[in-house]
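Proteins come first, then strands; the chains are lettered A, B, ... in the order of their sequence lines, and each starts at number 1. This structure is a prediction, so every number in the text was calculated from the model and none was measured.
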Amino acid sequence: MPELPEVETTLRGIQPFIQHQVIAQLVFRRANLRWPIPTTDLQRLVGQSITAVKRRGKYLLLSTDLATIIIHLGMSGRLRILDKPAIADKHDHVDIIFDNGYLLRFTDPRRFGALLYSEADPYQHPLLKQLGVEPLSRQFCVDYLKRRLQDKRLAIKSALMDQCIVVGVGNIYATEALFIAGIHPLKSARTLALVDLKRLLKATKSILRRAIWHGGSSLKDFLNSEGKPGYFSQKLQVYARAGLPCVRCKSILASIRIGQRSTVYCPHCQH
DNA sequence: CAGAATACCTGCGGGC
DNA sequence: TGCCCGCAGGTATTCT
């Protein structure tokens, strides 16, 4: 479900409801997600007000004066706002209840997601410290990309999805960006010419911006914080279209696996 | 060391 | 109808 646009959509959806609100109660219905949930630490946040809601890569950061809650949605995680307590479903693992009656509910069938706690600078947390640049920032530029890819022999698609290089790009948007840029996903990262890097940068920024504008993609089960689907999946040009004609040249789109992830591309348009 | 494979988990759709 | 297989938006860990 969540790559950068879906996480950003989630952030924008929940922020107005939780910023400046005071945590009244935390409800944990299981002890583990991807890692143990630090329930004892998190309970210390009762009485604290949410001072900021931010995103770093695919992580969401809910800050208080005392500490930051670090949230990752994994593969199937979702956050939504409820205006009153409701019966918890099988996969509704955590509720953060605010003193205005609203609550933030974390749902995650596959439990690859994570809920962490940091009293120190969250950006120095082991999971966030190594993250690469934000793709929509000015730091994601040709000079940076050239430098980070210059001795990478792996497939450009794998490099584009490497969160240590650039954050937020997952399987869907890497696939789409490479199609838009006309670059073969298996091409060795270090062999891209400057002109390729420029097209890839432009394509990546563009696809992410457009996906955010449309409220994220909704392939199977992505629902935003209001429980509504994103509409960007209708705009996807190659992802999940293997065997169908290329929108540009009508060639049949090919499907391969790169780094254990399904990858669709046009053999005619991408080199 | 880089890069590839594996592991974590549930749900769904397709083939039989 | 039901069982088995492969696959799904991510990434830390283990391997070669």
Side-chain angles (χ1 to χ4, degrees), chain A residues 1-11 29-37 55-60 70-79 89-93 106-116 125-132 135 148-178 185-191 204 207-208 211-212 214-224 229-243 255-264:
Chain A
M1 183 250 282
E3 297 182 36
L4 186 148
E6 291 75 34
V7 178
E8 181 66 25
T9 297
T10 298
L11 163 58
R29 301 192 183 82
R30 61 173 305 122
N32 296 273
L33 290 168
R34 175 172 195 151
W35 292 292
I37 300 172
R55 179 189 59 72
R56 173 73 175 106
K58 298 174 190 171
Y59 291 89
L60 284 169
I70 301 173
I71 300 173
H72 196 289
L73 300 176
M75 204 82 122
S76 57
R78 158 156 114 92
L79 286 170
D89 191 55
K90 186 178 175 184
H91 302 299
D92 295 338
H93 308 307
F106 182 91
T107 307
D108 186 7
R110 293 177 74 179
R111 306 204 301 275
F112 290 164
L115 216 66
L116 302 164
H125 187 282
L127 291 174
L128 277 72
K129 196 174 180 178
Q130 308 295 330
L131 292 178
R148 294 301 303 270
L149 298 185
Q150 66 186 358
D151 36 40
K152 296 241 177 274
R153 312 175 89 100
L154 47 50
I156 181 59
K157 178 172 182 251
S158 298
L160 189 57
M161 292 173 66
D162 182 346
Q163 304 298 300
C164 296
I165 297 175
V166 58
V167 296
V169 182
N171 202 36
I172 295 178
Y173 299 111
T175 299
E176 293 295 315
L178 288 163
L186 274 177
K187 185 159 186 168
S188 173
R190 66 173 188 172
T191 67
T204 303
I207 194 83
L208 293 175
I212 292 169
H214 288 274
S217 295
S218 183
L219 280 162
K220 282 189 178 159
D221 52 8
F222 174 68
L223 298 175
N224 63 25
Y231 292 96
F232 194 68
S233 49
Q234 300 166 21
K235 311 271 181 188
L236 298 175
Q237 300 186 86
V238 276
Y239 185 86
R241 291 196 67 245
S255 179
I256 53 175
R257 289 189 84 76
I258 301 177
Q260 315 298 95
R261 311 302 299 278
S262 82
T263 305
V264 183

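Side chain A:R34 to base C:dT11: a donor-acceptor pair is found below 3.5 Å. Between the base of B:dC9 and the side chain of A:R110 there is a donor-acceptor pair shorter than 3.5 Å.
As judged by a 4.0 angstrom heavy-atom cut-off over every strand, A:R153 is placed among residues touching the sugar-phosphate backbone only. As judged by a 4.0 angstrom heavy-atom cut-off over every strand, A:R190 is placed among residues making no nucleic acid contact. As judged by a 4.0 angstrom heavy-atom cut-off over every strand, A:S262 is placed among residues touching the sugar-phosphate backbone only. Among the protein residues, A:Q163 comes within range of the sugar-phosphate backbone only, with heavy atoms under 4.0 Å from sugar or phosphate atoms but none that close to a base.
Spacing between C:dG10 and B:dG13 at atom C1', rounded to whole Å, works out to 22 Å. When the P atom is compared between B:dT6 and C:dG6, the two are found 14 Å apart, to the nearest whole Å. Taking atom P on both C:dC7 and B:dA5, the two are 15 Å apart, rounded to the nearest angstrom. With P as the reference atom, C:dT14 and B:dC9 are 15 Å apart, rounded to whole Å.
When the shell of 6.0 Å around CZ of A:R29 is examined, it contains more than 12 heavy atoms from other residues, nucleotides or ligands.
The aromatic rings of A:Y59 and A:H72 lie perpendicular to each other, with more than 60° between the two planes, well past the 30° mark.
Between A:R78 atom CZ and B:dC9 atom P the separation is 23 Å, expressed in whole Å. Here C:dA8 presents its C1' atom at 14 Å from CD of A:E6, a figure rounded to the nearest Å. In this entry the distance linking CZ of A:R261 with P of C:dG9 reads 5 Å, nearest Å. With rounding to whole Å, A:D162 atom CG is found 11 Å from B:dA2 atom P. The CG atom of A:L160 sits 12 Å away from the P atom of C:dG10 (whole-angstrom rounding). Here B:dC8 presents its C1' atom at 12 Å from CG of A:L33, a figure rounded to the nearest Å. As a whole-Å value, the separation of A:N171 CG from C:dT11 P is 11 Å. Atoms CE (A:M161) and P (B:dG3) sit 16 Å apart, rounded to a whole Å.
Mapping A:Q260 and A:H91 onto DNA chain B by nearest heavy atom places A:Q260 closer to the 5' end of the strand.
Listed nucleotides C:dA12, C:dG9, B:dG3 differ in distance to A:L154; the shortest reach to its side chain belongs to B:dG3. In this structure, the nucleotide among C:dA12, C:dG10, B:dT10 sitting nearest to the side chain of A:R111 is B:dT10.
In terms of heavy-atom proximity, A:S76 sits nearest to A:D108 at OG-OD1, 2.6 Å. Summarising the geometry of A:L149 relative to A:A159, their closest heavy-atom pair is CD2-CB, 3.7 Å, with the distance given to 0.1 Å. Taking both residues in full, the closest heavy atoms of A:Q237 and A:E176 are given as N-OE1, 2.7 Å, listed atom of the first, atom of the second, then distance.
A:K152 has no side-chain polar atom (N or O) that falls below the 4.0 Å cut-off from OP1 or OP2 of B:dA2. At B:dT10, none of the side-chain N or O atoms of A:K90 fall inside 4.0 Å of OP1 or OP2 (strictly under the cut-off). In this structure, A:Y239 reaches the C:dG9 phosphate: one of its side-chain N or O atoms is under 4.0 Å from OP1 or OP2. Using a 4.0 Å cut-off, some side-chain N or O of A:H72 falls inside it from OP1 or OP2 of C:dT11. Side-chain N/O atoms of A:K58 include none lying less than 4.0 angstrom from OP1 or OP2 on C:dG9.
Side-chain atoms of A:R55 come within 3.5 Å of backbone N or O of A:G57 as a donor-acceptor pair. Side-chain atoms of A:T175 never come within 3.5 Å of backbone atoms of A:T263 as a donor-acceptor pair (strictly under, hydrogens ignored).
Where stacking is scored as ring centres under 5.5 Å apart with planes under 30°, A:F112 does not register as stacked on the base of B:dC9.
Inter-residue side-chain proximity for A:I258 and A:S158 is flagged as met; some heavy-atom pair is nearer than 4.5 Å.
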Dot-bracket pairing map - DNA chain B, Watson-Crick plus G-U, both contacts under 3.5 Å, | cross-strand: .|||||||.|||||||
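A:L115 CG to A:H93 NE2: the interatomic distance, rounded to the nearest 0.5 Å, is 10.5 Å.
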